[in-house]
Amino acid sequence: LPPAGDTPKRGPSGPSFSLVDLSSHAHPSTSPDGRIMTVVHKKVYDLTDFVAKHPGGDLLYLAGGRDSTVLWETYHPTVTPGSKAAAKMAAVMKKYEVGVLVESDASPMSPSFYDWNSDFYPTLKKRVCELLKEKGLDRRGGGGSIHVKAVCLLLIFWSSLAGMCLTTGYLKPLICCIAMGLSASFIGTCIQHDGSHGAFSNHLWLNKAAGWTLDMIGASAFTWEVQHMLGHHPYTNLLDVSGFGGTQEGDGSGDDIESDPDVFSSYPLMRMHPFHEAEWYHKYQHLYAPFLFSFMTLAKVFTQDIEIITKMRLYHIDATCRYGSWLNRLRFWAMKAISMVYMVALPIYFQGVGKGLLLFAVGHLACGEMLATMFIVNHVIEGVAFAKKNAEGGPTFKPTTWKGATPMEETQEKMAEAKVEGFKKIPMNDWAAVQCQTSVNWSVGSAFWNHFSGGLNHQIEHHLFPSICHTNYVHMQGVVKRTCEEYGVPYQAAGSLPDAYLSMLRHLKNLGNETKSK
């Protein structure tokens, strides 16, 4: 398999590929030879012929042209050392292995922030999968309650939209548009979120349909996948400051930037990461943040979605894996047009231009406020850790709070001094441990709030197991918490959603009033 550019050198496991070689094979439509390649733990795989056989279908394209180690680890929870699933997976992957990833003068690589050498994550995966098997719960689809909830939410959305168009006066249409906006936010967190993660069902078509509901409410599921699954999930609260000054604007030629768009995309309006310089107006960000949150979905629908499909990238993330396909681009523009008909044109037709636009805007503001609230309280909150990577990278890095504290280091030192039986010290930058340090739960163990939030109240469990249906998280959290305690890994939780929200505001205030960034 000849990659773009120079002829690859022979390595110990076959041809050697650079990051530039890899990035040129992100999608068959843009690849010089029509092939798609990825990297898992430094080994290069040709996925071209495997896409049609993959259980997740074209979801595999998200791995194209990049290091997909995190995706591979998190979407195969049954694959643990010594398991039958691991042996089967190794045999399949061997068929598609074509070489190794190496550094070259034209394509330098910075060390990854993460370490994968401890048994913390394999132990978590094994215990969680055994628990679900004992309880008779499917990893995808859970016990089926998610499907009942989906039907109810879709009925509420469409009936509210009809009421927004057909009721008279001002109060009734206003109530309906708010109900429409709130139901749209729950469709995002309780249906689309699981669908795009491949966790809504064991059936590929149902996962695709669930993911499509984001297009139904006006946004793009493809854009969401690029930001959420390729940016936020792999690199939670991590900011790569090597060579880009924190702007995260790579050049697209073999970028290996490891950054979470969710913590830098709001800057300079808001300071969410300690690395960024504090501006004078950040002193008030805890006051104006709730107002900005409400514009979240309007900004996504009318700016972010359009920018990413025209530029073919989101900040440092190459979006060719999704928008390289003309069919995906057709779906994008078709759903933008169709959704504008029933969400904008029809309200204007029945209610008049001014009133129709006002109802559309109010519905979006309600949706944006709810969605932003659900997501931000999990990662931008008191006690949560942030991480930073520069060109040196490596195991010396560790996540810290905005004050510079390292709770996991303190906990592990105490356990080592106490000579706790069975305690195993793991690296501060162990990928799974970092997910626990950069996430905070709320209302832990509550089945109601788990359903209400789409499992976002169990954010730690979700980040460790994104391919598992959110209805299972309430069952899994006990095992996850005990395993964290066993390994000295922080497991943080707020008492309730109001507690988490107030803690988030206090955290924003602290970040905004810091005189010097760290």
Side-chain angles (χ1 to χ4, degrees), residues 59 128 131-132 135-164 175-219 221 224-225 228-229 296-297 339 343 363 366-375 377-378 441-463 465-477 496-497 500:
L59 196 66
V128 165
L131 175 74
L132 295 180
K135 290 183 174 292
L137 296 171
D138 286 333
R139 288 185 289 114
R140 298 179 177 87
S145 58
I146 188 175
H147 306 134
V148 176
K149 180 167 60 171
V151 172
C152 294
L153 288 173
L154 290 170
L155 287 174
I156 294 172
F157 172 80
W158 287 106
S159 60
S160 298
L161 182 59
M164 187 175 84
I175 293 174
C176 287
C177 83
I178 293 175
M180 184 271 292
L182 293 177
S183 62
S185 74
F186 288 120
I187 286 172
T189 56
C190 299
I191 304 176
Q192 178 269 327
H193 193 196
D194 281 74
S196 292
H197 275 300
F200 185 81
S201 171
N202 284 316
H203 300 289
L204 177 60
W205 72 270
L206 267 179
N207 282 322
K208 283 184 172 292
W212 172 83
T213 58
L214 190 61
D215 297 73
M216 182 195 76
I217 60 179
W224 182 92
E225 287 174 349
H228 191 77
M229 297 171 68
M296 173 185 172
T297 54
S339 63
M343 295 188 75
C367 180
E369 190 69 38
M370 179 61 76
L371 276 177
T373 296
M374 287 294 174
F375 281 104
V377 297
N378 298 300
N441 289 352
W442 51 272
S443 295
V444 172
S446 170
F448 171 79
W449 288 111
N450 192 69
H451 266 296
F452 180 89
S453 67
L456 297 182
N457 67 315
H458 292 111
Q459 190 72 189
I460 294 173
E461 286 72 19
H462 173 59
H463 268 256
F465 300 98
S467 67
I468 293 181
C469 181
H470 76 257
T471 57
N472 289 329
Y473 296 162
V474 70
H475 303 289
M476 294 160 42
Q477 68 86 205
S496 64
L497 179 56

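Note that the coordinates shown come from a computational prediction; the quantities given were computed from them, not determined experimentally.
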message = Would I468 and V128 count as a side chain to side chain contact (heavy atoms under 4.5 Å, CB included) here? Give the steps.
response = CA-CA 10 Å; I468 293 181; V128 165; 4.0 Å; yes
Testing the basics here: between [X] and [Y], what is the closest heavy-atom pair and its distance to 0.1 Å?
| X | Y | answer |
| --- | --- | --- |
| N472 | R139 | ND2-O, 3.6 Å |
| L132 | M476 | CD2-CG, 4.0 Å |
| P466 | A199 | O-CB, 4.0 Å |
| C469 | G142 | CB-N, 3.6 Å |
| G181 | C367 | O-CB, 3.2 Å |
| M216 | L154 | CE-CD2, 3.7 Å |

Report yes if the side chains of [X] and [Y] come closer than 4.5 Å at any heavy-atom pair, otherwise no.
| X | Y | result |
| --- | --- | --- |
| H470 | H462 | no |
| L153 | T213 | no |
| I217 | Q192 | no |
| V151 | H147 | no |
| W449 | V474 | no |
| M374 | F452 | yes |

request  = Please find out if less than 6.0 Å separates the ring center of F200 from that of H193.
outcome  =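 Not close enough - the centres of the two rings lie 6.0 Å or further apart.
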query = Quick one: side-chain hydrogen bond (donor to acceptor under 3.5 Å, both in side chains) pairs with a partner in residues 451-460, sequence neighbours left out?
reply =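 Residue pairs with at least one partner in residues 451-460: K149-H451, H379-Q459, N450-H458, S453-N457, Q459-H463.
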Can you tell me how far the [atom1] atom of [X] sits from the [atom2] atom of [Y], to the nearest 0.5 Å?
| X | Y | atom1 | atom2 | value |
| --- | --- | --- | --- | --- |
| T373 | L497 | OG1 | CG | 7.5 Å |
| I191 | F186 | CD1 | CZ | 11.5 Å |
| Q477 | I460 | CD | CD1 | 9.5 Å |
| T297 | M370 | OG1 | CE | 12.0 Å |
| S159 | M164 | OG | CE | 12.0 Å |
| L182 | L371 | CG | CG | 9.5 Å |

key: From L206, I146, D194, D138, residue fulfilling side chain to side chain contact (heavy atoms under 4.5 Å, CB included) relative to S201   = L206
message = For E461 and N441, which I'm curious about, is there any donor-acceptor pair between the side chains at under 3.5 Å?
response =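 N441 and E461 do have a side-chain donor-acceptor pair below 3.5 Å.
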